[in-house]
Amino acid sequence: MRWESIQMRFDDVILGRRSIRGYKPDPVPKALIEEIIGLAMRAPSSMNTQPWNFYIVTGEPLDRIRAGNTERMVAGVPQSREFRTGQAFVGQHRDRQVGVAKQLFSAMGIERNDKDKRQDWVLRGFRQFDAPVCVIVTYDRVLDGSDDTPFDCGAVATALVNAAWSRGLGAVINSQGIMQSPVVREHAGIADDQVIMKSIALGWPDESFPANTVVSERKSVDEATVFVGFDN
């Protein structure tokens, strides 16, 4: 099959992966998704609790989620994300948020005062960037309130997008596609004992989509790291 011939070194996956926001309409084989999920679930978790579960949606159910999510957001229905959103970013974190937005808008040719194109970009997020597959990451409600649980779900999400990239697939972790949780719950059939954490758009990258060329900047190791007790 297509993905079986793809082999990448670990460094190539980590350094080459980027968030994909434009996809080909081609379906993704279920067997490939199962393979990727199996790899992702080798991620570490606190005391091996493995709090994560995955609802993998495609086709008509995904179209209904896209439509319902978009319609409610455009109509001004307050967002209902189930995992806390926290405060708005400020300082250097806001600067990085603005920085990557500028990179994306530049690649897409979206001018600062072009409200229509900016709105279209926002709507793409509500539609899961029109990817053929949406992976909804949930965690067991009995663990709600645990700080370890979202940390563990972050680890498995990171492992998932890297595993996907190693098989030639693109992905982007996002929250826009699950802003309206009642819609997501209804059409994905999410069990009551699960809390919706994040969503991941997944599919074959459209290399002609300008935003897919964007590689977000990273702060340096020196900026992020404090070494203690080393000779040098």
Side-chain angles (χ1 to χ4, degrees), residues 17-21 43-46 49 51-53 55 65-66 68-106 108 110 112-113 115 117-129 134-161 171-185 188 190 194-201 211 214-226:
R17 188 208 63 81
R18 59 191 183 276
S19 293
I20 297 299
R21 296 175 174 87
S45 63
S46 177
T49 49
W52 50 67
N53 286 294
Y55 289 77
I65 291 174
R66 293 192 223 273
N69 191 52
T70 302
E71 289 167 5
R72 287 166 64 102
M73 293 302 295
V74 170
V77 177
Q79 65 94 356
S80 52
R81 281 181 56 187
E82 296 182 3
F83 185 73
R84 59 187 180 274
T85 57
Q87 301 299 315
F89 296 135
V90 297
Q92 62 183 352
H93 304 102
R94 173 62 177 168
D95 292 342
R96 293 188 188 115
Q97 180 187 27
V98 171
V100 74
K102 287 180 177 178
Q103 285 183 273
L104 291 167
F105 287 171
S106 177
M108 295 297 296
I110 301 174
R112 183 179 181 85
N113 60 353
K115 293 182 179 180
K117 284 188 176 181
R118 283 175 173 257
Q119 175 72 353
D120 179 68
W121 183 258
V122 171
L123 294 179
R124 287 183 62 84
F126 295 152
R127 301 196 308 266
Q128 282 287 327
F129 300 95
C134 172
V135 179
I136 301 167
V137 182
T138 70
Y139 61 83
D140 299 330
R141 190 178 296 279
V142 69
L143 297 173
D144 204 16
S146 163
D147 290 336
D148 287 327
T149 295
F151 185 89
D152 297 340
C153 287
V156 81
T158 300
L160 195 157
V161 298
V172 60
I173 302 171
N174 70 92
S175 298
Q176 301 101 310
I178 54 169
M179 286 293 197
Q180 297 291 338
S181 61
V183 172
V184 179
R185 282 194 167 273
I190 295 176
Q194 296 297 298
V195 176
I196 299 172
M197 175 78 183
K198 280 283 186 181
S199 59
I200 302 173
V214 170
V215 179
S216 57
E217 298 175 355
R218 292 292 187 270
K219 60 183 179 181
S220 69
V221 174
D222 285 344
E223 290 178 284
T225 307
V226 176

Show the nearest heavy-atom pair for residues [X] and [Y], with the distance to one decimal.
X	Y	result
Trp121	Ala211	CH2-CB, 3.7 Å
Ser216	Gln103	CA-OE1, 3.8 Å
Ala171	Ile200	CB-CG2, 3.8 Å
Arg141	Gln194	NH2-O, 3.0 Å
Arg66	Arg127	NH1-O, 2.6 Å
Ser181	Ser80	OG-O, 2.8 Å

Going from [atom1] on [X] to [atom2] on [Y], what distance comes out if it is rounded to the nearest 0.5 angstrom?
X	Y	atom1	atom2	result
Ile190	Ile196	CD1	CD1	3.5 Å
Thr70	Gln128	OG1	CD	10.0 Å
Asn53	Ile136	CG	CD1	12.0 Å
Asp144	Tyr139	CG	OH	4.0 Å
Ile110	Gln119	CD1	CD	11.5 Å
Phe105	Arg112	CZ	CZ	10.0 Å

Problem - Arg81 vs Lys198, side chain to side chain contact (heavy atoms under 4.5 Å, CB included): CA-CA, chis, key distance, verdict - result: CA-CA 9 Å; Arg81 281 181 56 187; Lys198 280 283 186 181; 4.3 Å; yes

Practice task
Would you check if Val214 and Arg18 make a side-chain contact, meaning some heavy-atom pair closer than 4.5 Å?
Solution key: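 Of all side-chain heavy-atom pairs linking Arg18 with Val214, none is under 4.5 Å.
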
Exercise for the section: Keeping the roles fixed (side chain from Asp148, backbone from Ser146), state whether a donor-acceptor pair exists under 3.5 Å. Expected result: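 Not at all, since once roles are kept as given, no pair shorter than 3.5 Å links the two residues.
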
Handout entry: Side chain Thr158, main chain Gly154, donor-acceptor under 3.5 Å
Key =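 Looks like yes, one N/O pair under 3.5 Å.
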
For [X], what residues pass the side chain to side chain donor-acceptor pair (under 3.5 Å) criterion, not counting sequence neighbours?
X	result
Thr49	none
Gln176	none
Arg72	Gln180
Ser220	Glu223

Practice task
For side chain to side chain contact (heavy atoms under 4.5 Å, CB included), just list the numbers for Val100 and Arg96, CA-CA rounded to whole Å, side-chain angles, deciding distance to a tenth of an Å, and then say yes or no.
Solution key: CA-CA 6 Å; Val100 74; Arg96 293 188 188 115; over 6 Å; no

Exercise for the section: Report the residues that fulfil salt bridge (charged side-chain N to carboxylate O under 4.0 Å, His left out) with Arg17, sequence neighbours left out, ordered by chain and then residue number. Expected result: none

Handout entry: Test side chain to side chain contact (heavy atoms under 4.5 Å, CB included) applied to Cys153 and Phe83, step by step
Key = CA-CA 12 Å; Cys153 287; Phe83 185 73; over 6 Å; no

Handout entry: Check against side chain to side chain contact (heavy atoms under 4.5 Å, CB included), Arg118 and Val122
Key = CA-CA 6 Å; Arg118 283 175 173 257; Val122 171; 5.8 Å; no

Practice task
Name all pairs fulfilling the salt bridge (Lys or Arg N to Asp or Glu O under 4.0 Å) condition that reach into residues 176-185, sequence neighbours left out, sorted by first residue then second.
Solution key: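 The answer is Glu82-Arg185.
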
Exercise for the section: Decide if atom CG of Asp147 counts as having more than 12 heavy atoms of other residues, nucleotides or ligands within a radius under 6.0 Å. Expected result: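 No.
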
